[in-house]
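Every value quoted in this text rests on a predicted model; they were computed, and no experiment measured them.
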Amino acid sequence: MNNLNNNDELQDLYRDLILDHAHNPRNFGRPDEATHTAEGINPLCGDKLHLYLTIDSDNRIAAAAFEGSGCAISMASASLLTETVKNLPVADADACFVAVTKRLTIRSSDSAAIANVDFKELRALDGVRRYPSRVKCATLAWHALHAAIQHPQSTATTE
Amino acid sequence: MNNLNNNDELQDLYRDLILDHAHNPRNFGRPDEATHTAEGINPLCGDKLHLYLTIDSDNRIAAAAFEGSGCAISMASASLLTETVKNLPVADADACFVAVTKRLTIRSSDSAAIANVDFKELRALDGVRRYPSRVKCATLAWHALHAAIQHPQSTATTE
Amino acid sequence: MADIAHCRSDFPALQQDVNGHPLVFLDSAASSQQPAAVIDAVARYQREDHANVHRGVHTLSHRATELYEGARDKLCHLVNAASRSEIILTSGTTESINLVAQSYCRPLLGPGDQILISWLEHHSNIVPWQLVCEQTGADLIVAPINDRGEIELDKMQALMTDRVKLLGVGHVSNALGTVNPLRDIITSAKKLGITVLVDGAQGVPHMNVDVQALGCDFYAFSGHKMFGPTGTGVLWGREKLLEEMPPYKGGGDMILEVSFENTVFNELPYKFEAGTPNIAGTIGFGAAVDYLQSVGMQNISEHEQALHRYMVAKLAAVDGVRLIGTAREQASVQSFMLNDIHPHDLGTLLDHQGVAVRTGHHCAMPVMQRFGLPGTTRASLALYNNTDDIDRLIAALEKARQVFA
Amino acid sequence: MADIAHCRSDFPALQQDVNGHPLVFLDSAASSQQPAAVIDAVARYQREDHANVHRGVHTLSHRATELYEGARDKLCHLVNAASRSEIILTSGTTESINLVAQSYCRPLLGPGDQILISWLEHHSNIVPWQLVCEQTGADLIVAPINDRGEIELDKMQALMTDRVKLLGVGHVSNALGTVNPLRDIITSAKKLGITVLVDGAQGVPHMNVDVQALGCDFYAFSGHKMFGPTGTGVLWGREKLLEEMPPYKGGGDMILEVSFENTVFNELPYKFEAGTPNIAGTIGFGAAVDYLQSVGMQNISEHEQALHRYMVAKLAAVDGVRLIGTAREQASVQSFMLNDIHPHDLGTLLDHQGVAVRTGHHCAMPVMQRFGLPGTTRASLALYNNTDDIDRLIAALEKARQVFA
Ligand SMILES: Cc1ncc(COP(=O)(O)O)c(C=O)c1O
Ligand SMILES: Cc1ncc(COP(=O)(O)O)c(C=O)c1O
């Protein structure tokens, strides 16, 4: 009933790295202080998260944390996000938002366009590209990042 | 393009008697006095007529007249109605309403059920049975008759 | 179990592979598949008989009107309405309920008045009342449910006072499958003269419904949950109430006469049907009624009940499965959790194995909040499901557990 | 005349005999026929891809959502909306206009305020305003038309004051074919800051529509007048206005979050789309847009204009024919009278010869009153009509005159 190919694909989506971040999210919790916050809501999944950023006077992200609940994909993506943007200049972090959302939504043939961003661990999210209905889960935290950078207090949704 | 059969059918609907009544309606106009009146509206055609009855103390229809505008079928039917019910006891007139509406709407095999009413000139309306969308035109005045008998002042529609 | 196994082959959508596996469709509570008879009735209408209804004297217009009004007659008989004037054709349950909220309640309500619903309701039987309460200053009050997912009848009865102007309650919960004790609820409400609307979106597809026997005042349902097309639905209402209500929308067909001084509304049911209706969809809805009746509502009920019992037993035996919704009377809908796997992840893992379930809040967020869950996984059955489908679901759950272990 | 003669064979309904004659269909303004491509798109969707949209993670639900939202994108491009958030999917023009009346106007209007329309309007662009005026105490005022059936622009302009809160005007009159001078009307209204709704039910099927270039605020149209299914339609609105409007109906899909304390509405366009939408119909609507664009709106316009000129010349030459509606700019719709034959009798006589026309008031009773007529006979053309159809109409009229002579 199941063929190998299918199992491969599933394991591609739920890679160990994803499951690890989902089960043990990094930088989870509400920090005492934050200069920028955003709420992210994905009505499809009922995913809901708060992203907290501390942007210092150099326009650099000194700290990033999140809180919330959702599916493994959205939790892992948020966890990976906090690790990725920490210590990045704000402009670079926002570039990551563009790069990640593009990477997950455009066809692979176009991927050259975003080749200049270093994805490292973020590649673990690639499996989601085969599951269009789950892309929103993976991009939710990134939309919240973008919203927080634009407006210190805001709400982002994926619809 | 036209076959005989078709022309026959059309001439069956627009018989000379119908066209005669439509062009020269009998008992047309608003009488000075009437004991029972009803308005009939057929929103499909925009047909609109007023029926005026004078019912005497014997419960007999002493006079019947109508006023209004509409298609040839509805005008002819109203004209024929006024001639038919004049001098009839109210109960017999109401029986005509039942008989005519049934005759025009039920399948011919059932027509035995209404064989006891004498249709005379009303047979001219039979052609309408082949044009279900026009049956309402032919029955409008009869619905108004029934309404007027039930409630001295009322409105009937064919929807 | 009534033998209606052959019905499955009537449904073209079920004869396909999804993600390399024969499709197991367990999402009929969201929207059911259509038998070929319905799909073909719609296509045939469009190929042969289409024209606008009601106002034409030409042949196609007449045929379209006959087919469209014929569907109304079928729906009238299906729920045993007193007359076809009581069958208002709408775009679905949601619109039917909004019609009652705006046309019946809005002119009636003021501060101090209340609308009573239950904690089990679908958003379509919550938000229209919230909107009209905000518009009028009335209050929405809510009867609680117990841990099995049943309305607490005594608490609901305690909330019934003469301040309550309308009680809105579902026939069957789409999230938990609970069949509500409509007779008790309606009897209590009627003692106080409270008008009752039943959200029957999940009732009509699963059981014989007789609106006159139920004793409610309004009953709303959708075509697409009972093998008919989307964009179709019914509001049944008592003629006396419908007569007194002002029209909901204005437009063509709902009027007898329009002038700038004075507009005369049409008779029932047309007073509530403004504009060109969903003609093809309604004809398909009529064909769906024919289909349901040819299989037999009683047979459908028995088949679904037996299959539901089988599914519940199998699910309960899966390591880590927790059933959500364990009402003593349940339709063929079952929500559950598997360990702490988020329903959406589980949905993807099942889909990957060709098993289609719905995951999330099922448009019943208050129910989810009541159980402290972000959502559930829900398997819902229709006449075309069989024990193989359940076995496939169980096997897919076992596999999912392994991936997340 | 653009050569699109081959298109006729795309429409199955036109390949039939009616009353022993090949069908001549001249009733597209009431509802158009569908090309096989649309009928098949709907049937294919039901056979292969159906599930409820938006909230499912399984494959069919995803496919259905993609197809449904894909249709929205096509409609967005068709009328050149600024964004897909501005395309509200409704059940038709009538619902689109009611939405604006209830959601935009009702909170805004009070005694002394006015809504301005023209004498040419369809009931769907009259009655919704009458209802909201009655609800709020505002007044409906009406710009007159001249004997050609054209809006008297100067008189309409004279009625535009700062008391007018909304101007509702048709793009094309369904009764008389008049193409209204939208640019002049909208420019004048905009100088005074008046919000403008265009009833485009008869506009989109016949010409290129660019809502941004028009400069109006709302534009409403129906699928079934442009070769798509019944029960589908669009309200286009400026995002800024739509953002500020409260929701129209409550239910599933139009909310982000529901609780009994606080319900958060969804973003545009979903805020206005409560409940399961007409999924199959909307997918068919998208297929109809594809079809229109494959033929080319410019080609369609030219073909219809040429054919309309041919028809008007032929009709004018028939003894006893009186044209009703002789505007200088007309779409391919023509009303007329033949002697004193009642339009319904004429309709039957034509139907009998296989010629389908619409007869009556065309849901525009004020226009009929203006011309002192109970109704007219109306022939309306679409891309699939040809000169043979017109010749058949003319021959049938001659015959009808003989019967009534
Ligand atoms: C000009 C005009 N406006 C509005 C409508 C109403 O459209 P619908 O019936 O599709 O809602 C129509 C068609 O009947 C029309 O021709
Ligand atoms: C119990 C219940 N009520 C109301 C609805 C709304 O029905 P629709 O979306 O067809 O308007 C549904 C289905 O979604 C339902 O299950």
Expected output: side-chain S380(D) to main-chain A29(D) donor-acceptor under 3.5 Å: yes

Sort [X] into side chain, backbone, both or neither according to what part of it lies under 4.5 angstrom from a heavy atom of chain D.
X       : answer
I39(C)  : side chain
V18(C)  : side chain
V367(C) : neither
N125(C) : neither
F11(C)  : neither
N278(C) : both
I117(C) : side chain

Listed once per pair and sorted, the salt bridge (charged side-chain N to carboxylate O under 4.0 Å, His left out) pairs that draw on residues 358-370 of chain C, sequence neighbours left out: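 Matches after skipping sequence neighbours: D27(C)-R358(C), D147(C)-R370(C).
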
Quick one: which of [options] has the most heavy-atom pairs under 4.5 Å with chain C, could you say?
options                            : answer
H62(D), K225(D), R63(D), Q135(D)   : R63(D)
E48(D), Q369(D), Q130(D)           : Q130(D)
P277(D), G347(D), G360(D), A280(D) : P277(D)
G92(D), S259(D), S91(D)            : S259(D)

Best-contacting candidate, I126(C), V42(C), L140(C), against chain D by heavy atom pairs under 4.5 angstrom: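 Looking at each of I126(C), V42(C), L140(C) in turn, I126(C) comes out on top.
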
Max heavy-atom pair count under 4.5 Å with chain D, selected residue of H122(C), H224(C), M254(C):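 The candidate making the most pairs under 4.5 Å is H224(C).
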
Which portion of W129(D) sits near chain C, non-hydrogen atoms under 4.5 angstrom: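 Contact with chain C involves no heavy atom of W129(D) at all.
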
